[in-house]
Amino acid sequence: MKRVRLSEIAHARSGDKGRGSNVGLIADTPEGFALIQAQVTAERVKAHFAAINLGEVDRYEVPNLLALNFILHDSLGGGGTESVKTDAQGKTHGMALLRMEIDVPDDFKA
Amino acid sequence: MRTIRIGNGQGFWGDSIDAPVNLLRQGPIDYITLDYLAEVTLSIMQRQKMKDPSKGYATDFVAFIDRVLPELVSKNVKVIANAGGVNPEACRQALLAVAKKHGISGLKIGIVTGDDILDDLNAYRQKGQVFAHMETGESLFAEERAILAANVYMPTAGIAEALRQGAQIVVTGRCTDPGLTLAPLMYEFGWHTADQLALGTVAGHILECGAQATGGNFTRWWEVPDMVNIGYPIAEVSEDGTVIITKHETSGGLVTVATVSEQLLYEMGDPKAYITPDCVADFSSIQLSQAGENCVRVSGVRGMQHTPFLKVSISISDGYKAAGQLTISGPQAYEKAQKCAELVWGRLKQSGFTYEETLTEYLGQGVCHAGMVQSPDAPEIVLRLGVKDHDYKKVDRFGKELAPLVTSGPPGVTGFAGGRPKPAEIVAYWPALMAREWVNQTVSVQEV
């Protein structure tokens, strides 16, 4: 096994959703989807965003798009229009998730 | 078999003013849609209308029509925009004046209204409607609140009806963003089954944020060609339900399964239940395939009948906020920035000012990705401070405490431009549901 950043096997987009944000994580290949499905759990994402998101994290599977959708329930410092944070709309959360590392087989081609 | 091309030239109020013009000029197009309304926009428009009853709509839209109207008419391109804000009739009158100025006659402009229920809230309250907050369950009337705007996300049928009555330009208040794309499909092809409505809604969701479907905000930005001339998205839809997402051939940007997938995930909640006033679309049924260069086919979309409710978006005045920033140069930029923050908060406290909420950000030190990166010794840091409070005077006082740091703190503090941070009203967003039958949609078409 080797460790790679999610950015090597997936891409992402995020935006605001009420008082939280959603992060869509999309694998480049079906093999990559199996890996993120197994390893990028709601618990891991919650820990990854611990300094940003004060709430729970929900995870939905969207296998037809090789994607996972995460809802970070309290990640904006109030709602998008109320917050004084620089990223009041969670626009950078997708790129933030791509920093996470996961294990892939040694012969895995990104 | 008939095919129509619908392009979205405006993803939000403040988006590119050239994009809709390019959609009209760079290739074949039948419909141009434009979205101007964010949640906060309607509260700003209510304020404008209060001061001047002829205001309260998106004036950028009138400027766009003024720029292209003769061309729109000669090419017979239809335009659908939610530019009406809280005053669609005033928007129409402005558009009719533009048409007269250009010497155009026979042009029909439709408006769709009924979404603005601000003046009816008390009547609804009398009937027992509480507008419970969709996340907290709290009643809107549980305490005294300064309500700035209340708008219902309206069914798309009204726009389709305006098109049926011959309108070339349709102006609405609050509708759904995907509805701008769905409406022509209901009118042109008579789409009405749950699957058809869901397919049109999915196409609309892909288009609704403009260039976000064509390579904008795409993770692999370095793969996007000619981003200067980025094309805005077009849905090429055939009567039989074939949907191709594309862009004009001569424009820049990128339409691939990857760029379209990212946009489908944007602002997604439960993928199995994307709820609109028109249907419930199942995003887990969507199939995407590359159908050619910059062409992505969308198929397999399933939907269910709409729910018995409509969503209401209510804006509430909820205090004030202010934020300002200073640039702190190195060496020891981070340590000095921390000292500066300590001075600002300490001096405010010494003068008797504390706040309901404060924010201290060290931009350059890992703010957006807090807790994920080890920062090196940064050559400079932007210190950004903010406050929230219901007391305007306190928020105003905060704004006066930043500039003194340049001469009364650590050395090398600069970048205090733009004057003292001014308090801005906080507009809180209150989403609620109400029964469909309580809302009346009105369509009116007028010819110049």
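The sequence lines fix the lettering, A, B, ..., with proteins before strands; numbering per chain opens at 1.
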Taking side chain as everything from C-beta outward and backbone as N, CA, C, O, which of these in [X] sits under 4.5 Å from a heavy atom of chain A? Side chain, backbone, both or neither.
X       : value
S285(B) : backbone
E267(B) : both
L288(B) : side chain
E425(B) : neither
V387(B) : backbone
A38(B)  : neither

Between atom [atom1] of [X] and atom [atom2] of [Y], what is the distance when rounded to the nearest 0.5 Å?
X       : Y       : atom1 : atom2 : value
E262(B) : S14(A)  : CD    : OG    : 9.5 Å
Q287(B) : N64(A)  : CD    : CG    : 6.0 Å
F70(A)  : L265(B) : CZ    : CG    : 10.5 Å

If you compare all heavy atoms of R13(A) against all heavy atoms of N217(B), which two are closest, and at what distance to 0.1 Å?
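Between these two residues, the closest heavy atoms are NH2-O, 3.1 Å.
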Which heavy atom of T219(B) sits nearest a heavy atom of L98(A), and at what distance?
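Heavy-atom minimum between the residues: CG2-CD1, 3.5 Å.
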Test your reading of the model: is there a side-chain donor-acceptor pair from N69(A) to the backbone of M268(B), 3.5 Å cut-off?
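Present.
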D87(A) side chain to C368(B) main-chain N or O, any donor-acceptor pair under 3.5 Å?
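No.
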Chain A: which of [options] shares the most heavy-atom pairs with it under 4.5 Å?
options                   : result
G371(B), P271(B), G386(B) : P271(B)
S261(B), G300(B), A323(B) : S261(B)
K272(B), E357(B), Q212(B) : Q212(B)
V40(B), V260(B), I286(B)  : I286(B)

Just so I know, are the side chains of Q325(B) and T86(A) near enough to count as touching, which here means a heavy-atom distance under 4.5 Å?
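No, their side chains stay 4.5 Å or more apart.
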Are the side chains of F218(B) and H11(A) in contact, using a 4.5 Å heavy-atom criterion?
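A side-chain contact exists here, since the closest heavy-atom pair is under 4.5 Å.
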